Structures are given as structure tokens and as C-alpha cells.
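A quick note: this is a predicted structure, and the numbers were derived from the prediction, not measured.
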Amino acid sequence: MVALSALWLPILLSAVIVFIASSIMHTLLTYHRSDCHQLPEEDKLLGALRAAGLQRGLYMFPYSRNPNEMKSPAMAEKYKQGPVGMMTVFPSGLPVMPKFLGMWFAFCLVISIFVAYLTGHTVAPGAPYLGIFRAAGTAGFLAYGLGQLSNGIWKGQPWGMTLKEVFDGLIYALLTGATFAYLWPR
């Protein structure tokens with residue numbers, strides 16, 4: 001067993017490396033540019049949403065609070081006519097990128113801590129590089145990659161976008177695994 005305190009450097013460095021890699025993947029590489037689309041008649045729809053007093057939150061439409069209501073002919077007709085979807089509304093104002101980036105780095109750090117905890121309890125000090133890489137990389141992929149699949153299943157996110165996020169998670173996991181394997185206590 002390797003103590004978590006002995007793994008502070010790979011924890012911190014893997015979080016920094018994933019943060020930098022994700023920044024490169026989302027700013028310099030172009031494969032995420034097709035993930036989102038503009039609303040048709042955006043100005044008209046935004047005006048209607050403002051007039052409705054839409055606040056921050058997650059909205060589902062058509063909406064039914066009661067499962068029995070879902071079975072009603074009126075609700076079935078709403079679903080049939082469409083559109084059907086989920087919409088996330090952020091607070092009004094320009095996106096606060098430093099806040100989002102700070103939360104993303106904290107998330108990377110938390111994942112690295114859990115990767116260290118799991119790997120530290122399953123891999124001995126001085127273990128071979130590949131064994132450390134396999135354990136840390138698998139734990140990283142569970143967190144960064146496979147967790148994205150629920151967006152395609154439950155939130156209706158297009159599968160192309162979901163699979164790109166799984167691919168991103170694989171890259172982050174490989175970087176995390178390599179960082180832990182390289183800096184593992186001997």
C-alpha cells in the first residue's frame with residue numbers, strides 16, 4: 001500500500017496536465033466545434049423565454065410532474081407534436097470563464113485524489129510502470145470517460161458529442177495513468 005500523502009506530486013501534476021490537455025483540446029483542436037447549434041430564430045425565441053421569466057435551472061419539455069399524467073392522451077399528443085427536450089439555463093450575463101476553469105481544475109484534482117487512493121491501495125511501491133499505468137489509467141477512465149455516457153442515455157445529448165467526450169476522457173485517463181506511473185514511489 002502507498003500512502004495518499006506520498007502521492008501528492010502525481011495528484012497535483014496529473015490534474016495540471018489534464019487541465020492543460022483539455023484546454024488544448026477545446027481551443028486549438030476543432031472536433032468540438034460542431035457540438036452545439038444555434039437556435040432557429042434565436043432572437044425571437046430568446047425574447048419569448050425572457051418574457052416567460054425563465055430563471056436559472058434545468059427544464060424539461062413537455063413537463064409532467066406526475067407519472068400518471070405521462071399516460072394521458074393530452075401529454076402523449078404534446079410529445080408527439082414536439083419538440084421534446086431538456087434545456088439548461090445559466091444566470092444572465094457573460095460566462096465567467098475563470099469560475100468555470102477553477103471548478104474544472106478542482107474537479108480534475110478530486111479525480112486525481114481518488115485515482116491516487118485507489119491506485120495506492122491496489123499497487124505496491126516499486127511496482128512496474130505498466131501495472132501502475134493500468135490501475136491509475138483505468139480509474140481515470142471510469143471518472144473522465146465512462147461517466148459521460150449517461151448524458152447520451154438520460155439527457156438526450158447527441159451520441160456523436162457523447163463519444164467525443166468519452167474519447168476526451170480516454171486521453172485524460174492515459175495522461176493521468178502515465179503521470180502516476182512515472183512518479184510512483186520506488
Legend entry - Residue Y31 excluded, over 12 heavy atoms near OH under 6.0 Å: yes

Legend entry - K78 atom NZ, neighbour heavy-atom count above 12 within 6.0 Å: no

Legend entry - For M75 against S64, the heavy-atom pair lying closest together: CE-CB, 3.5 Å

Legend entry - In one Ile/Leu/Val/Met/Phe/Trp/Tyr side-chain cluster, 4.5 Å: I113, M1: no

Legend entry - Interatomic distance, D35 atom CG to Q157 atom CD [nearest 0.5 angstrom]: 7.5 Å

Inset, instruction - Taking all non-hydrogen atoms of both residues into account, name the closest pair between A6 and P185 and its distance. - result: O-CG, 4.2 Å

Legend entry - Heavy-atom neighbours of F19 CZ exceed 12 at 6.0 Å: yes

Inset, instruction - Applying side-chain contact (heavy atoms from CB on, under 4.5 Å), name anything that partners L183, two or more places apart in sequence or on another chain. - result: L9, P10, L13, T179

Inset, instruction - Would you check if Y172 and I111 make a side-chain contact, meaning some heavy-atom pair closer than 4.5 Å? - result: no

Inset, instruction - Taking atom CD of Q55 as the centre, report whether more than 12 heavy atoms of other residues, nucleotides or ligands fall under 6.0 Å from it. - result: no

Legend entry - Interatomic spacing from CE in M60 to CE in M86 - rounded to 0.5 Å: 5.0 Å

Legend entry - Derivation and outcome, side chain to side chain contact (heavy atoms under 4.5 Å, CB included), residues L174 and F133: CA-CA 8 Å; L174 294 172; F133 176 81; 3.6 Å; yes

Inset, instruction - Please answer: with hydrophobic residues joined when any side-chain heavy atoms are less than 4.5 Å apart, are I171 and I20 in the same cluster? - result: yes

Inset, instruction - Report yes or no: do M161 and L58 belong to one cluster of Ile/Leu/Val/Met/Phe/Trp/Tyr joined by side chain heavy-atom distances under 4.5 Å? - result: no

Legend entry - W8 CH2: over 12 foreign heavy atoms closer than 6.0 Å: no

Legend entry - For the student: nearest non-hydrogen atoms of H26 and D168, plus distance: CE1-OD2, 3.6 Å

Legend entry - Whether W184 and F180 hold their rings parallel, tilted or perpendicular, with breakpoints at 30° and 60°: tilted

Inset, instruction - Check the surroundings of atom CZ in F61: do more than 12 heavy atoms from other residues, nucleotides or ligands lie under 6.0 Å from it? - result: yes

Legend entry - Heavy-atom neighbours of E41 CD exceed 12 at 6.0 Å: no

Inset, instruction - Answer yes if the side chains of S34 and K164 hold a donor-acceptor pair under 3.5 Å, and no otherwise. - result: yes

Legend entry - For G177 against A136, the heavy-atom pair lying closest together: CA-CB, 3.8 Å

Legend entry - Verdict with supporting geometry, F107 and V18, side chain to side chain contact (heavy atoms under 4.5 Å, CB included): CA-CA 11 Å; F107 177 71; V18 167; over 6 Å; no

Inset, instruction - Answer yes or no: are there more than 12 heavy-atom neighbours, outside Y59 itself, under 6.0 Å from its atom OH? - result: yes

Legend entry - Side chain R56, main chain T88, donor-acceptor under 3.5 Å: no

Legend entry - Close side-chain approach of M70 to Y79, heavy-atom, < 4.5 Å: yes

Inset, instruction - Specify the closest pair of heavy atoms between G140 and A173, including all atoms of both residues, with the distance to one decimal. - result: C-CB, 3.6 Å

Legend entry - M87 side chain reached by L54 side chain, heavy atoms, under 4.5 Å: yes

Inset, instruction - Measure the CG-CG distance between L175 and L170 for me, rounded to the nearest 0.5 Å. - result: 9.5 Å

Inset, instruction - Take V123 and V2 through the side chain to side chain contact (heavy atoms under 4.5 Å, CB included) test and state the conclusion after the steps. - result: CA-CA 7 Å; V123 180; V2 176; over 6 Å; no

Inset, instruction - Could you tell me whether the side chain of S14 and the main chain of I11 form a donor-acceptor pair under 3.5 Å? - result: yes

Inset, instruction - Using modelled atom types only, decide if a donor and an acceptor are shared between the side chain of T138 and the backbone of A135 within a distance under 3.5 Å. - result: no

Legend entry - Separation of L45 CG from R50 CZ (nearest 0.5 Å): 10.5 Å

Inset, instruction - Give the cluster check for I132 versus L4: same hydrophobic cluster or not, with ILVMFWY residues linked at side-chain heavy-atom distances below 4.5 Å. - result: yes

Legend entry - Heavy-atom closest pair, residues C108 and Y144: CA-OH, 3.4 Å

Legend entry - Single-linkage hydrophobic cluster F141~L118, side-chain heavy atoms < 4.5 angstrom: no

Inset, instruction - Kindly compute the distance separating CZ (R134) from OG1 (T119), expressed to the nearest 0.5 Å. - result: 12.0 Å

Legend entry - Spacing of M25 atom CE and E165 atom CD [to the nearest 0.5 Å]: 10.5 Å

Inset, instruction - Side-chain contact test, heavy atoms from C-beta onward, threshold under 4.5 Å: evaluate it for T162 versus W159 and give yes or no. - result: yes

Inset, instruction - For the pair V16 and F105, evaluate side chain to side chain contact (heavy atoms under 4.5 Å, CB included) and give the outcome as yes or no after the intermediate values. - result: CA-CA 7 Å; V16 168; F105 181 74; 3.8 Å; yes

